[in-house]
Amino acid sequence: MRLVLLGPPGAGKGTQGSRIAKRFGIQQLSTGDMLREAAAAGTPLGLRTKHIMDRGELVPDEVVIAVVANRIDQADAANGFVLDGFPRTLLQAEALDRELAARRMGLDAVLELEVNEDVLLVRIKGRAEEAANQSQSVRRDDNPEVFKTRLKAYRAQTVPSLNTTGHKDYSRSSTVCSRLTL
Ligand code: ADP
């Protein structure tokens, strides 16, 4: 099974993606996690993208497309995957189509998490506080200022390109409320 999980920052893509992955025995592929790991390891990819993520902006399409194309070929993704946070632009959606078609694969569903924006801000603050209380590292982009940029990127780049251009898979995405247990 191959799924795409979309939603604004702080909607719970990571949490729901992990539940979905366990339930269906597939791999969770989070572009945010992959980029954060690259940044932490100081790889060329990480060095190139870290400052962009810290500002809350989107990493260039060609970079993230190459990361995903490479990742879906790894053995642990052979049984299927849930892409968490990819695609976020029309170019990414089209590239995913091409990459899957080249492998004679397709998407089974696109799920979009919908959460009220006021609730998102409260969650982001809570997430940062919780991490700090547990002495875990706080994501550098989990602060109200950067969060506004992340939300703006979602509204300006992701929502219009995926929802209003009528891309075949995304225009029929199922909208689910992330308060529900998937
Ligand atoms: P969130 O959706 O909560 O903002 P993610 O962990 O999914 O968090 O992403 C964190 C950051 O990683 C984004 O703000 C962006 O800089 C980068 N990123 C992740 N996925 C993509 C993507 N598909 N395209 C461009 N940038 C991405």
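All ligand and atom numbering here is 1-based and tracks the order in the structure.
Under the side chain to side chain contact (heavy atoms under 4.5 Å, CB included) rule, Leu29 has a single partner from Ile72, Val67, Leu5, Val68, which is Ile72.
Between the side chain of Arg103 and the backbone N or O of Glu99 there is at least one donor-acceptor pair closer than 3.5 Å. The backbone N or O of Ile124 sits nowhere less than 3.5 Å from a side-chain atom of Asp142 that would complete a donor-acceptor pair.
Taking the salt bridge (charged side-chain N to carboxylate O under 4.0 Å, His left out) definition, one finds that Lys148 meets it with Glu145, sequence neighbours left out.
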Could you check ligand 1 for N or O atoms lying under 3.5 Å from protein N or O atoms and list the pairs with distances?
residue: ligand 1; atom: 2 (O); partner: Lys13; partner atom: NZ; Å: 2.7
residue: ligand 1; atom: 3 (O); partner: Arg150; partner atom: NH2; Å: 2.8
residue: ligand 1; atom: 4 (O); partner: Arg150; partner atom: NE; Å: 3.0
residue: ligand 1; atom: 4 (O); partner: Arg150; partner atom: NH2; Å: 3.1
residue: ligand 1; atom: 6 (O); partner: Arg36; partner atom: NH1; Å: 2.9
residue: ligand 1; atom: 6 (O); partner: Arg36; partner atom: NH2; Å: 2.9
residue: ligand 1; atom: 7 (O); partner: Arg88; partner atom: NH2; Å: 2.4
residue: ligand 1; atom: 8 (O); partner: Arg139; partner atom: NH2; Å: 3.0
residue: ligand 1; atom: 9 (O); partner: Arg88; partner atom: NH2; Å: 3.4
residue: ligand 1; atom: 16 (O); partner: Glu57; partner atom: O; Å: 2.5
residue: ligand 1; atom: 20 (N); partner: Thr31; partner atom: OG1; Å: 2.8
residue: ligand 1; atom: 20 (N); partner: Arg88; partner atom: NE; Å: 3.4
residue: ligand 1; atom: 20 (N); partner: Arg88; partner atom: NH2; Å: 3.3
residue: ligand 1; atom: 23 (N); partner: Gly85; partner atom: O; Å: 2.9
residue: ligand 1; atom: 23 (N); partner: Gln92; partner atom: OE1; Å: 3.0
residue: ligand 1; atom: 24 (N); partner: Gln92; partner atom: NE2; Å: 2.9
residue: ligand 1; atom: 26 (N); partner: Val59; partner atom: N; Å: 3.1

Determine, stepwise, if the pair Arg123 / Val115 fulfils side chain to side chain contact (heavy atoms under 4.5 Å, CB included).
CA-CA 11 Å; Arg123 280 199 193 171; Val115 182; 4.3 Å; yes
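Under 4.0 Å is where a charged nitrogen must lie from a carboxylate oxygen, and between Lys13 and Asp84 no such pair does.
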